[in-house]
Structures are given as structure tokens and as C-alpha cells.
Peer 1: 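Dropping the structure in here first, questions after.
Just so we're clear, the structure is a prediction, and the values are computed from it rather than from any experiment.
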Amino acid sequence: MLIELLRTGAAESPDQPVVQWPGRSVSYSECLTRAEELARGLHNRSIRRFASVVEDVGDLLALLCASSATGSEACVYPERLDEQRIEELTMTFQHPTVITNRQLNLTASHVVKLDVLRVAEGALPTGPLEFPALVLTTGTTGEQKGTRQDWARLVSSVRHPDERPGARWLLAYNISQFAGVQVLLHVLASRATLVVPPSLRPREVLGVMRELGVTHASATPTFWRMVAGLLDEETAKEFALQQITLGGEAVPSPLLADLARLFPGARISQVYAATEFGSGIAVHDGRNGLPLSVLSRGEDADIRMRIVDGELQVLSRVGMLGYHGEERDEHGWRPTGDLVEVRGDRIHFVGRSSERINVGGVKVDPLVVEELVTGVEGVALARAYGRANAVTGQVVVIDVVARPGADPVRVQERIKAECGSLPPAARPMRVRFVPELELRGNKVVRGPSTAGL
Amino acid sequence: MSDPETVILDTIRMLLERRGEEPTALRPDADLYQDLELDSLEIAELSVVLEDEFGTDPYTSGLVPRTVIEVVEFYNGSP
């Protein structure tokens with residue numbers, strides 16, 4: 001359980017930082033003391049379900065560990081929400097209590113200040129029978145949903161943590177995200193240190209990675225592409241990276257090559273995971289896509305996969321129990337929404353079922369276009385999407401962020417030339433240069449960009 | 001804002017040139033389908049360019065002009 005992982009860490013290396021920021025840190029033993037104080041408070045007040053609006057990662061970690069000690073269902077809300085959005089979420093997810101260190105005036109929920117919740121003395125609650133948690137989806141491909149999770153299942157999915165001593169993991173996700181929870185679990189399971197940057201802006205994150213000697217970093221391909229654009233072979237030598245993990249979005253192969261060139265000493269892994277089904281597979285061979293062998297996993301596997309009508313389906317023992325509002329626990333195969341193609345011994349991601357573009361009856365998968373365009377010299381990021389058109393129903397258009405110093409006219413010519421290899425219906429009819437793509441949790445929000453325009 | 005006739009003719013020329021054809025014989029009364037043999041993707045691209053340039057285009061307005069001049073007339077307000 002989460003609290004047990006913290007207890008093990010505190011017993012083995014009490015003074016080691018579990019969370020570190022530039023200029024301060026919280027040790028394993030300090031975090032455990034805080035978690036046990038909060039567990040008493042949750043127990044004494046009989047708080048069974050709550051939302052967390054706590055932005056200090058040390059406090060948040062302690063609160064999550066406390067919830068696993070009492071069996072209270074914690075739900076971490078995204079960072080920096082305004083009061084109105086918090087109120088909306090409490091109503092959507094029926095949260096009777098909000099635990100926070102902010103000054104909040106909510107009408108639909110009871111607000112409990114974090115400091116008031118702490119109880120220094122008294123017996124600790126006995127171990128609960130269930131360990132629920134509610135994790136919100138990022139909502140990059142639709143509305144935000146709540147997934148009912150179980151800490152026991154989540155912890156069991158981290159069976160083989162990377163236990164190299166002195167590991168320092170970057171937190172490049174919000175802990176409200178499933179990927180952020182996964183990073184937390186890996187840190188606790190391997191008794192490592194979580195390094196928290198002051199923001200997720202790539203330049204600032206890089207500064208913290210260098211200053212605090214981050215060894216393990218898990219982030220989205222979008223994030224890594226921005227990082228790759230800021231570094232060259234010389235400046236990349238200033239980093240101590242041993243492990244680079246990419247997940248949450250399809251990984252373009254040019255990006256894998258860029259990262260291998262910049263960080264030749266690091267192992268590069270791609271994780272196929274989702275809030276709904278957990279972490280399905282980690283691939284370390286430097287090729288994009290998944291090995292075909294994942295389709296042959298036996299019945300004892302935590303996560304099995306199959307392809308039905310071009311869409312990947314998953315059967316998971318470590319995934320969510322169901323969505324919030326669904327009373328029944330789900331144990332069957334679930335569609336992932338990820339469209340795939342088998343090429344040789346590899347499963348390649350070609351798009352999302354909800355994003356497929358229909359150009360006069362020809363189905364176009366936007367990721368195929370994006371993969372091609374992001375490989376063009378001078379392109380930092382690209383996002384293809386369908387635009388309504390009276391003649392063909394939809395046409396393909398693409399938003400592009402150019403690399404600093406690139407000449408947009410030349411880049412556009414190269415994109416057009418490169419896209420000549422695509423079937424005519426898949427060629428973008430408009431290439432729009434934008435200063436940035438809209439991101440949520442460092443994942444590109446699908447659809448046309450409104451960011452920075 | 002550019003002149004609609006210029007944009008229309010330039011776009012059709014670009015489409016023909018991309019196909020490897022000489023657009024020298026581009027006459028205002030040329031039939032987009034029979035004479036110029038534009039396919040639906042090329043017509044769609046013409047409509048995208050016109051919509052971006054002028055905020056509207058004949059196809060989005062429910063019209064299906066047959067000739068170059070009919071597209072021009074959409075912007076001139078002529079029948």
C-alpha cells in the first residue's frame with residue numbers, strides 16, 4: 001500500500017529526501033510523520049471521500065499516503081483551478097469534502113484546511129479493507145472523467161521498479177494525472193527522490209534537472225520534443241539522465257532518434273498506459289510502436305491486448321474498477337480508442353478513433369500525417385486535424401510550431417514536398433504556423449490550436 | 001484583401017501546375033470539371049483557400065459553380 005511503501009522508505013533511509021525542490025526537501029521520515037498525522041485527522045472526522053486541492057507536492061504525497069492508511073477515497077484536482085471550476089468538479093464528482101491549504105469558499109462541499117486536519121497524537125487507524133482512489137482523466141481528447149482506482153492494484157502494477165541507488169525522478173506531470181501517480185509509485189517503490197520543478201515550462205524544468213541531478217525522467221513526447229529543441233549534444237552532457245520514459249501520446253520515431261543522439265548513455269523507454277487500464281507495456285528497443293508479441297500474452301498477464309477492427313482493446317487486472325457513476329466494476333475487454341496498424345513485427349499507432357478524419361469517404365489518421373511532418377527539418381511540433389468542408393465533408397489541416405530561427409516559408413515548402421508521399425486525401429490543405437500548441441498536462445490537446453493566437 | 005478573381009485564378013493555376021499541366025488555356029468560361037478536370041479534393045482545396053481568404057466561399061454557401069466565372073461571380077454578387 002502507499003503508506004507501507006512510505007514506511008519502508010522511512011525505516012531504511014529516514015533522512016533521504018522523498019521530495020526535493022530547488023532549495024528545500026522533505027525526508028522520508030518527515031513525510032511519514034505528516035502522513036500519519038493526516039491519517040488520524042481523516043479517521044477522527046470520518047472523511048470517507050474527499051477532493052484534494054493541495055499544490056505542495058510534499059503535503060499532497062503525505063495526504064495520499066494518509067488516505068491509503070484510512071481507506072478514504074482521495075481525488076487530486078488539477079493544479080491552479082479557480083474556485084468556480086473547483087465547485088463544478090465537486091458537484092460532478094459529488095465530493096462532500098475538499099481538503100486544501102487555500103482559502104476557498106465553496107457552497108456544495110465542506111472545506112477542511114490541511115493544517116487543521118493534522119492530529120499529532122493518538123492511535124493510528126487500523127488497516128482498511130479497501131483502498132479506493134479517484135483519478136481524473138486529463139481530458140485532452142474529450143471531457144474529464146473520474147476513474148475509480150484501487151491503491152492495491154496500482155501498487156501491484158509497479159512490480160519491477162528501477163532500484164538503482166540514488167535515483168532522482170523528475171515530476172513532469174501533475175499528480176492529479178494518472179502518469180503523475182505512476183511516477184509517485186515508482187519513487188516510493190524504489191525508495192528514490194522525487195524532484196519537483198517550479199513549473200512544467202521546458203526551460204525551467206531543464207534548469208531543475210541540471211541543478212538537482214535528475215536521473216530518471218518520464219514525460220510526454222510533446223515535452224521531450226520541446227526539450228530536444230532546447231539542447232544540443234554539448235549542452236545535453238550537463239545532464240545526469242539514466243532513464244528517459246515517454247508516454248501518454250504516440251511517439252514519433254524522429255523523436256526517439258533525437259533523444260538517443262542527445263542522451264547516448266540513457267535508456268529510452270516508451271510506456272503504453274492509460275488512466276483507464278494502467279501501465280500496459282514498456283518498450284526499450286528504440287523503435288516506435290509496440291512489439292507484436294504483446295498480442296500473445298497469456299491469461300495470467302496483468303494486461304492483455306487484442307486488435308478489433310483496427311482498434312486496440314485491453315483487458316486489465318491493474319486498471320480502474322470503472323468510471324465514477326458506474327456502480328458495477330468492469331472486468332471485460334475495453335476499447336482503448338487507439339487505432340493501430342500491424343506492420344511487420346510491430347504495432348503502430350495511427351490515431352484515435354474519435355479523431356479519424358473523413359475526407360470524402362477516405363479515412364485519414366492524423367498521427368500518420370503528424371509523424372511525417374514532425375520529421376521535417378525546422379518543425380518542432382505538429383498537430384493534424386479535420387476541418388469541416390462543404391465539398392468533401394472534412395479536409396486535413398495541420399498546425400505547426402516551427403523551431404526557433406527556422407524560416408516558415410522554407411519549412412512550409414519542405415512540409416508540402418514531404419506530404420507528397422501521402423495519399424492525396426491525407427495531404428494537409430492548409431499548414432498554419434502557430435506560436436505554440438495548447439497543452440494540458442504536457443499533452444497536446446487534440447483539435448485546432450487556440451494557444452497563443 | 002486580395003482581388004477574388006486573382007486569388008481564384010492563381011489557386012486553379014497552382015492546382016493544375018501541381019498536376020503537371022500547363023495552365024495557359026485557363027479561360028473564364030472553362031468548366032471546372034469537364035475542361036479542367038478538377039477532382040473533389042482539388043475543388044475542396046479551392047474552397048478552403050477562398051474561405052480563408054474571404055471568409056466565405058460558394059460551396060459553403062450551398063452553391064456548386066460549374067465554371068471559373070461562376071466562382072468569380074459569387075464574390076461579385078452577379079447572377
Side-chain angles (χ1 to χ4, degrees), chain A residues 355-366 368-370 372-373 376 382-400 408-435 447-450 453, chain B residues 1-2 4 6-23 26 30-77:
Chain A
E355 292 161 15
R356 204 172 238 184
I357 306 165
N358 188 338
V359 184
V362 178
K363 306 290 195 302
V364 178
D365 292 311
V368 174
V369 184
E370 287 173 14
L372 190 74
V373 172
V376 170
R383 175 179 42 198
Y385 54 94
R387 168 171 156 182
N389 182 268
V391 181
T392 53
Q394 284 185 299
V395 295
V396 179
V397 293
I398 193 159
D399 286 351
V400 168
V409 176
R410 298 283 304 278
V411 175
Q412 174 137 1
E413 285 168 0
R414 287 188 211 117
I415 291 172
K416 290 207 163 168
E418 198 66 33
C419 288
S421 64
L422 291 168
R427 294 173 196 159
M429 288 198 180
R430 282 309 227 189
V431 177
R432 188 172 69 145
F433 286 90
V434 294
S449 176
T450 54
L453 288 177
Chain B
M1 187 184 287
S2 311
T6 306
V7 173
I8 293 161
L9 292 175
D10 284 352
T11 305
I12 294 173
R13 278 195 195 96
M14 179 273 291
L15 293 170
L16 296 176
E17 280 170 359
R18 197 169 62 192
R19 249 201 251 151
E21 291 180 18
E22 278 291 325
L26 186 55
D31 188 296
L32 299 171
Y33 303 93
Q34 290 190 353
D35 300 332
L36 305 178
E37 296 181 336
L38 297 184
D39 65 19
S40 61
L41 282 175
E42 289 166 331
I43 295 285
E45 188 162 352
L46 174 64
S47 75
V48 166
V49 172
L50 296 178
E51 189 184 8
D52 283 354
E53 193 70 33
F54 305 113
T56 180
D57 71 277
Y59 304 94
T60 306
S61 303
L63 304 175
V64 185
R66 292 288 307 185
T67 61
V68 175
I69 194 68
E70 283 178 23
V71 183
V72 174
E73 282 170 350
F74 171 79
Y75 293 99
N76 292 341

Peer 1: Under 4.5 Å heavy-atom distance to chain B, tell me which part of A:R387 shows up: side chain, backbone, both or neither.
Peer 2: side chain

Peer 1: Provide the closest heavy-atom pair for A:V391 versus B:S40 in the form atom of the first, atom of the second, distance.
Peer 2: CG1-O, 3.5 Å

Peer 1: Taking all non-hydrogen atoms of both residues, which atom of A:A425 and which atom of B:L41 are closest, and how far apart?
Peer 2: N-CD1, 3.6 Å

Peer 1: Can you establish whether the number of heavy atoms outside B:R19 located under 6.0 Å from its atom CZ is more than 12?
Peer 2: yes

Peer 1: What part of B:V49 gets within 4.5 angstrom of chain A, counting heavy atoms only: side chain, backbone, both, or neither?
Peer 2: both

Peer 1: Checking heavy atoms, do the side chain of A:V397, its backbone, both or neither come under 4.5 Å from chain B?
Peer 2: neither

